[in-house]
Amino acid sequence: MRAAVAAAALALAVPSAAGQTSASGLEPILGEPLISREVVKYQLSRYLIERVPAAPSPATADEWTRDSQTIRAKLKSTILAGWPPEWVDTPLAFQDRGLLAGGPGYGIRKLRIEVIPGLWIAALLYEPEGSPRPAPAILNVNGHIYGMGKEIEYKQKRCINQARQGIYALNLDWLYFGELTHPENQHWFGAHLDLVGANGIGLFYLAARKGLDFLHAHPSVDRARIGMTGLSGGGWQTVLLSALDERVRVAVPVAGHSSLVSRIEDFGAGDIGDWEQKGSDLLSEAEYTHLTALIAPRPLLQIHNAEDIFRSHRVKTGTYDALAPVWDLFGARADFRFHENFDPGDHNYQADNRLQAYRFFADHFGLPDVERDLPAGAELKTATELEVGLPDDNLTILGVAQRLAGRIEREPLPSDPAERKAWAASRREALRETLRFRPVSVERAWFLSGTRMNGLDSRSYRFDFDDGLSATGVLLAAIDGAAEPRPVTVLLHDDGREAAAADAAERVNRGERVLAANLIFTGDAALPGARPERNIQVLAAVGERPLGIEAAQLLALTRWLGLPARLETQGMRSQVVGLAAAALSPGSFSETASRDGLETLRELLDAPVSHPAAPDLFCFGLLKRFDIDRLAVLATSE
């Protein structure tokens with residue numbers, strides 16, 4: 001079939017006696033798939049699984065106590081990398097917005113709490129009436145309930161029941177939900193924070209931590225009895241904050257996390273998690289098995305649902321069965337529990353799951369046992385009734401990134417040749433570190449199809465690299481008797497090599513060889529699925545950089561060609577990949593040219609460009625350390 005397609009295309013490629021190759025004739029050749037996207041997914045799964053940190057298996061309680069302190073400190077350092085210390089350590093600031101009548105035995109206090117200067121979140125404190133003081137407290141965090149926040153039905157019911165049990169229940173809104181629903185608070189804008197050198201996951205951590213700060217400082221709260229719980233993204237927040245902040249004494253995450261291994265194994269069932277769940281470097285030295293174990297020996301109830309995103313039978317192996325021995329070391333196995341929900345069994349925090357959580361908290365807070373989830377439907381309030389009100393100029397995630405970008409200062413380029421050479425050497429090393437760049441080689445170029453007819457030589461390849469990943473490409477040349485070796489142009493196009501047909505025809509007609517390539521994540525070398533960009537991000541989570549992988553593949557292809565190539569790119573993704581490769585190894589390219597690219601990486605913030613549109617460009621610290629102009633200088637500086 002490949003040969004038939006290529007032969008038919010080549011018959012069209014040279015329609016006249018002039019022997020001129022045409023774009024319309026090349027499109028079928030360049031558009032022929034050379035690798036299955038399922039194969040790309042398999043290769044990436046293998047690549048990732050080799051980079052998953054080994055699950056913790058301490059021999060003694062003392063060993064884990066020491067190790068946990070080290071891991072916790074490293075994780076905090078990673079999560080808060082690049083954040084201004086004055087923002088991280090800003091004192092607790094909140095505003096009491098008044099008391100709202102609740103129901104029998106409790107009232108609801110409206111609050112807004114400052115996360116960092118200029119960014120406030122809304123919260124509700126359900127205050128129990130007539131309970132002994134100090135009283136226990138629970139931080140209730142939100143999940144991904146689009147368009148809704150603290151007013152969501154099951155969250156209100158949970159907080160009402162907690163307050164009736166004598167617990168202070170803080171109902172915290174989450175970025176992009178409730179009163180923080182704003183287009184610029186979509187979670188993938190965390191990638192824009194990465195771009196300017198502040199780990200995007202840090203903002204999510206700080207937002208949750210401020211809720212804990214509030215409860216810990218409350219004069220009526222017993223600091224030794226503070227718990228945390230939430231569904232989905234709220235479950236994820238619960239695991240993250242409870243692992244890193246020992247002020248959380250009891251944790252109940254619901255359907256919010258699993259081991260990275262189980263996520264990778266389940267690659268085919270969907271994406272591998274929301275943006276913040278795989279923030280840059282979060283899972284490079286420790287992953288969710290470690291985060292779960294960091295809660296030991298504190299009480300932890302994991303709740304998962306039988307037919308859910310995080311299917312209970314898949315999750316239990318990695319985050320419960322494998323970790324029970326850690327609680328055993330402390331003699332605390334009874335405090336480490338797992339509940340599988342069958343009613344309704346989907347993604348929920350409904351009556352059965354709520355009752356399990358109430359009983360677990362009551363047991364560890366020294367409260368009377370809870371027999372049932374008390375009906376609270378008649379006491380539910382509307383979003384309007386629960387509205388706290390946030391400042392009109394409240395910062396968004398993108399706004400924070402733009403503010404940080406405004407603080408970037410760059411040293412002037414040296415004018416002295418010797419100084420510029422030294423500058424280029426040091427900046428090139430900094431670029432290698434930023435991209436986590438590691439060279440790769442073409443392990444095998446699989447010749448998949450090709451023909452020689454009508455004046456055109458066409459050869460289609462799958463390029464397997466020695467890191468287990470692949471790219472594809474079509475090598476074209478006119479059969480015209482020209483002397484070899486002839487000049488060669490490498491073409492990259494954001495929309496895949498088929499979209500580069502016109503450029504390929506032009507260069508072939510100039511007597512050049514042309515390699516029209518699809519690097520990984522582009523064209524037929526992209527991942528399958530409706531939202532492949534969500535799975536690309538997991539590379540950053542395990543300490544890799546997609547941009548660095550692409551640059552390494554491009555340089556390997558130029559070495560395979562055997563001589564310096566002219567590089568031509570179209571689109572912002574291909575432009576930055578090409579510039580990065582040229583900056584790392586300027587002798588690899590005789591010339592570089594780009595169209596429809598960026599004048600500056602600031603355009604990613606100012607347009608703004610969404611992370612899904614260009615996931616490889618949001619490389620941690622790239623804009624803070626470099627920009628298009630600096631990369632261009634490095635590309636021409638030996």
Side-chain angles (χ1 to χ4, degrees), residues 5-34 448-461 463 471-519 522-525 550 553-555 557-558 560-579 581-582 588-598 632 635-636:
V5 170
L10 283 167
L12 294 172
V14 190
S16 71
Q20 293 294 296
T21 299
S22 69
S24 61
L26 288 182
E27 285 172 357
I29 302 172
L30 298 180
E32 182 186 9
L34 302 177
L448 301 179
S449 64
T451 58
R452 284 172 56 84
M453 60 186 298
N454 295 329
L456 186 68
D457 184 299
S458 166
R459 307 182 188 199
S460 299
Y461 294 92
F463 299 100
T472 62
V474 178
L475 188 62
L476 303 166
I479 305 173
D480 55 8
E484 299 289 351
R486 65 180 73 198
V488 59
T489 289
V490 177
L491 295 178
L492 301 180
H493 197 296
D494 281 10
D495 295 329
R497 60 177 178 269
E498 183 180 4
D503 297 324
E506 179 187 354
R507 305 313 298 190
V508 168
N509 292 335
R510 289 173 176 265
E512 298 179 12
R513 284 191 300 159
V514 170
L515 177 63
N518 283 342
L519 304 177
T522 303
D524 59 354
E550 292 167 313
Q553 288 191 349
L554 176 56
L555 290 171
L557 292 182
T558 61
W560 176 79
L561 286 167
L563 73 165
R566 177 180 178 275
L567 176 64
E568 186 172 321
T569 66
Q570 184 155 350
M572 58 184 174
R573 294 179 64 195
S574 298
Q575 173 206 18
V576 178
V577 171
L579 269 178
S588 297
F589 302 100
S590 59
E591 179 188 352
T592 59
S594 64
R595 293 197 302 276
D596 300 330
L598 302 169
T636 57

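Only a predicted model underlies this, so the values are computations on that prediction, with no experimental measurement involved. The basis for the numbers below is simple: all heavy atoms, side chains too, and nothing from hydrogens, waters or symmetry mates.
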Using side-chain hydrogen bond (donor to acceptor under 3.5 Å, both in side chains) as the criterion, list what pairs up with S574, not counting sequence neighbours. D494
Non-neighbouring partners of Q575 that pass side-chain hydrogen bond (donor to acceptor under 3.5 Å, both in side chains), sequence neighbours left out: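 None.
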Considering only heavy atoms from C-beta outward, does the side chain of [X] approach that of [Y] to under 4.5 Å?
X    : Y    : answer
Y461 : L557 : no
T21  : L476 : no
F589 : L555 : yes
D495 : Q570 : no
Q553 : V577 : no

Check the pair H493 / E568 against side-chain contact (heavy atoms from CB on, under 4.5 Å), numbers first and verdict last. CA-CA 9 Å; H493 197 296; E568 186 172 321; over 6 Å; no
Atom pair [atom1] ([X]) and [atom2] ([Y]), whose distance is rounded to the nearest 0.5 Å:
X    : Y    : atom1 : atom2 : value
E550 : L492 : CD    : CG    : 9.5 Å
E498 : N518 : CD    : CG    : 10.0 Å
L567 : S588 : CG    : OG    : 10.0 Å
L598 : R573 : CG    : CZ    : 12.0 Å
D457 : I479 : CG    : CD1   : 5.5 Å
E32  : L448 : CD    : CG    : 8.0 Å

Which heavy atom of [X] sits nearest to which heavy atom of [Y], and what is that distance?
X    : Y    : answer
A23  : A501 : O-CB, 3.6 Å
A516 : L30  : CB-CD2, 3.9 Å
L456 : A477 : CD1-O, 3.3 Å
L34  : G473 : CD1-O, 3.7 Å
R507 : T489 : NE-OG1, 3.8 Å
G578 : L554 : CA-CD2, 3.9 Å

Steps toward side-chain contact (heavy atoms from CB on, under 4.5 Å) verdict (D503, R595): CA-CA 11 Å; D503 297 324; R595 293 197 302 276; 2.6 Å; yes
